[in-house]
Visitor: 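Shown below is the structure under consideration.
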Protein chains: 2
Amino acid sequence: MGAVQADRTTTKPMTACESFPDDLTILLHAAVNQVTIYLDRAAVEMGLNDARDWLVLAALDDGQQRTQLELSRVVCVDKTTLITVLDRLEKQELVVRTVDPSDRRVRIPQITDAGRRVYATFAVARDEAEARALDGVSAGDRAVLVDILGRIARGPDADVPAS
Amino acid sequence: MGAVQADRTTTKPMTACESFPDDLTILLHAAVNQVTIYLDRAAVEMGLNDARDWLVLAALDDGQQRTQLELSRVVCVDKTTLITVLDRLEKQELVVRTVDPSDRRVRIPQITDAGRRVYATFAVARDEAEARALDGVSAGDRAVLVDILGRIARGPDADVPAS
DNA sequence: CTCAGATCATCTCGACTCGGACGATCTCGA
DNA sequence: TCGAGATCGTCCGAGTCGAGATGATCTGAG
């Protein structure tokens, strides 16, 4: 039988990956896959559903007032999917949806104290995971990594010159 | 803006991402997201469905004989999902499923000449995209990137001691 | 003031994903 | 030789995702 199967009620991909180190994009995929597996596990362990739940909490934790639409763009989650995430988090009382009094169409999701606590706990687990993953990597190399990833993430040109 | 919406028939996430550069894992997600968007677009342009289609082709192109199960592990795709990918690629005559004569349970998917051509074409587009993404990054820094990503992808130690 | 058009959150519904069956086949011990 | 158990590819059903439609609300022109 599957020895290390998580007893989850919801469906969740558990694909471990033994990739070939040929190519940057493949490597990138494999890396994110690995990280996701670990983070998802940590998230489940503390009652969250997903690493995405945590991602949303992280975005909310910086205190900025954001509409759901803005939030969905920040965390790379479809606005439709974000609704279900917020529903879940709200039910767990980790966030609340407040109505912007100046524009009653928009909701401003805000993190609660409980949410902040969960986020802080998770952040510790995440930092440990990162530290383990980057064990033996010099600070300079880490900076290089962050720099390049940021460059990739922001896109090849970010602002297409009006062509 | 946006404005560059692809007119796709199949469902496909098009979430562009304007992430905050706080954290490594978020950065990693954002980077892979960006790359995926680009690769998916390129894949669609040459008749493939997905960047995953290409990933499968890439894995098959190294000439190794692999069962579908092995293949699914290599490319980080669930074996069930891989079936639909192979079905599609087989219909396009980019791969064929051969039966291993020494074990008639297993299928050995193999890339065809047409598949090899498509893969080669795609590889050019991919290399261009990579070059653009890494424009202005020194060769040394690239090596660092590949090294660290590989380290992350291979996992901290594959089996986390259940503490 | 009124109304047309824009924008927000939500809902709907079709497409996709994956855990858990299942049949076919292999292996190994009796 | 035979059968129990393992392993392969495939199928099915529940769950998830996201493009487009919908309803509520805002904005600006007349």
Side-chain angles (χ1 to χ4, degrees), chain A residues 1-17 33 36-37 40 44 49-53 55-56 65-90 95-110, chain B residues 1-2 4-17 33 36-37 40 44 49-53 55-56 65-73 75-90 95-110:
Chain A
M1 303 310 169
V4 218
Q5 284 302 357
D7 49 336
R8 326 219 46 267
T9 48
T10 58
T11 310
K12 192 86 16 169
M14 250 346 230
T15 9
C17 184
N33 211 296
T36 301
I37 288 176
D40 275 352
V44 168
N49 188 72
D50 232 24
R52 224 186 316 106
D53 283 15
L55 220 127
V56 170
Q65 307 271 36
R66 281 190 244 262
T67 71
Q68 294 189 190
L69 199 55
E70 288 165 351
L71 184 60
S72 77
R73 274 195 285 265
V74 168
V75 296
C76 278
V77 170
D78 186 86
K79 70 190 164 87
T80 313
T81 308
L82 181 62
I83 290 174
T84 65
V85 174
L86 287 176
D87 283 348
R88 183 170 46 240
L89 293 177
E90 199 168 29
V95 309
V96 287
R97 273 185 259 222
T98 63
V99 181
D100 182 349
S102 74
D103 182 346
R104 300 215 312 284
R105 287 171 306 176
V106 313
R107 307 295 147 93
I108 309 289
Q110 297 197 287
Chain B
M1 296 181 265
V4 214
Q5 285 302 354
D7 47 337
R8 328 215 47 266
T9 47
T10 58
T11 310
K12 193 84 22 165
M14 240 5 217
T15 10
C17 184
N33 210 295
T36 301
I37 288 176
D40 274 353
V44 169
N49 188 73
D50 231 26
R52 225 189 314 108
D53 283 15
L55 219 123
V56 170
Q65 307 273 37
R66 280 191 245 260
T67 72
Q68 292 187 192
L69 200 56
E70 289 166 348
L71 184 60
S72 78
R73 272 195 286 265
V75 296
C76 278
V77 170
D78 186 85
K79 72 188 165 98
T80 313
T81 308
L82 181 62
I83 290 176
T84 65
V85 175
L86 287 176
D87 283 348
R88 184 171 45 241
L89 293 177
E90 200 168 27
V95 309
V96 287
R97 273 187 259 223
T98 63
V99 181
D100 183 350
S102 74
D103 183 346
R104 299 216 313 281
R105 286 173 305 177
V106 313
R107 306 295 148 89
I108 310 291
Q110 297 197 286

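Here the structure is a predicted model, which is why all the values come from computation and not from measurement. Atoms considered below: every heavy atom in the structure, side chains included; atoms not considered: hydrogens, waters and symmetry mates. Numbered from 1 within each chain, the chains take letters A, B, ... in sequence-line order.
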Visitor: Contact class for A:I83 vs. all strands (heavy atom < 4.0 Å): base, sugar-phosphate, or nothing?
Guide: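 Counting heavy atoms under 4.0 Å across all strands, the contact made by A:I83 includes a base.
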
Visitor: Report which part of the nucleic acid B:T67 touches: base, sugar-phosphate, or nothing (heavy-atom distance under 4.0 Å, all strands).
Guide: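 B:T67: backbone/sugar contact only, no base atoms under 4.0 Å.
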
Visitor: Rounded to the nearest Å, what distance is computed from the CG atom of residue B:D78 to the C1' atom of nucleotide C:dC16?
Guide: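 To the nearest whole Å, that distance equals 12 Å.
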
Visitor: Expressed in angstrom and rounded to an integer, what is the separation of A:R107 atom CZ from D:dC26 atom P?
Guide: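 Between P of D:dC26 and CZ of A:R107: 11 Å.
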
Visitor: Under 3.5 Å for both donor-acceptor distances, Watson-Crick or wobble: does C:dA30 have a partner, and if so which one?
Guide: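 Its partner is D:dT1.
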
Visitor: Report the nucleotide, chosen from C:dG19, C:dT17, D:dC8, that has the shortest atom-to-atom distance to any side-chain atom of B:T80.
Guide: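 Of C:dG19, C:dT17, D:dC8, C:dG19 is nearest to the side chain of B:T80.
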
Visitor: Hey, is the side chain of B:T81 poking within less than 4.0 Å of OP1 or OP2 on C:dC18, counting only N and O atoms?
Guide: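 Checking B:T81 against C:dC18: at least one side-chain N or O falls below 4.0 Å of OP1 or OP2.
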
Visitor: How many whole angstroms separate atom CG of B:D103 from atom P of D:dA6?
Guide: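 Going from B:D103 (CG) to D:dA6 (P), I get 17 Å.
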
Visitor: Roughly, in whole Å, what's the span from CZ in A:R105 to C1' in D:dT27?
Guide: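 These atoms are roughly 8 Å apart.
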
Visitor: If I take atom CG in residue A:N49 and atom P in nucleotide D:dC17, what distance separates them, rounded to the nearest angstrom?
Guide: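 Result: 8 Å.
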
Visitor: OP1, OP2 of D:dG23 versus side-chain N and O of A:R104: anything below 4.0 Å?
Guide: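 A:R104 to D:dG23 OP1/OP2: no side-chain N or O under 4.0 Å.
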
Visitor: Could you grab the distance from atom CZ of A:R66 to atom CG of A:D100, nearest 0.5 Å is fine?
Guide: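 One gets 14.5 Å once the value is rounded to the nearest 0.5 Å.
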
Visitor: Distance from B:T84 atom OG1 to B:L82 atom CG, nearest 0.5 Å?
Guide: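 Between B:T84 OG1 and B:L82 CG, I get 7.5 Å after rounding to 0.5 Å.
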
Visitor: Please report, rounded to the nearest Å, how far the P atom of C:dG19 is from the CG atom of B:L82.
Guide: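 These atoms are roughly 14 Å apart.
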
Visitor: Without swapping roles, check the side chain of A:Q65 against the backbone of A:I108 for a donor-acceptor pair under 3.5 Å.
Guide: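 Flag not set: sc A:Q65 to bb A:I108 has no pair under 3.5 Å.
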
Visitor: Between B:R66 and D:dG9, is there a side-chain N or O to OP1/OP2 distance below 4.0 Å?
Guide: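 Checking D:dG9 against B:R66, no side-chain N or O comes under 4.0 Å of OP1 or OP2.
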
Visitor: Please round to the nearest 0.5 Å and tell me the distance separating atom OG1 of A:T67 and atom CG of A:D103.
Guide: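 The distance works out to 9.5 Å.
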
Visitor: Roughly how far, to the nearest 0.5 Å, is CG of B:L86 from NZ of B:K79?
Guide: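 The CG atom of B:L86 is 13.5 Å from NZ of B:K79, to the nearest 0.5 Å.
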
Visitor: Map B:L69 and A:S102 onto DNA chain D by nearest heavy atom, then report which one ends up closer to the 5' terminus.
Guide: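 So the residue in question is B:L69.
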
Visitor: Take the protein atom CG of A:D100 and the nucleotide atom C1' of C:dC8, then report the distance between them rounded to whole Å.
Guide: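 It is 11 Å, rounded to the nearest whole Å.
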
Visitor: Whole Å only: how far is the NZ atom of B:K79 from the P atom of C:dA21?
Guide: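 Whole-Å distance recorded here is 12 Å.
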
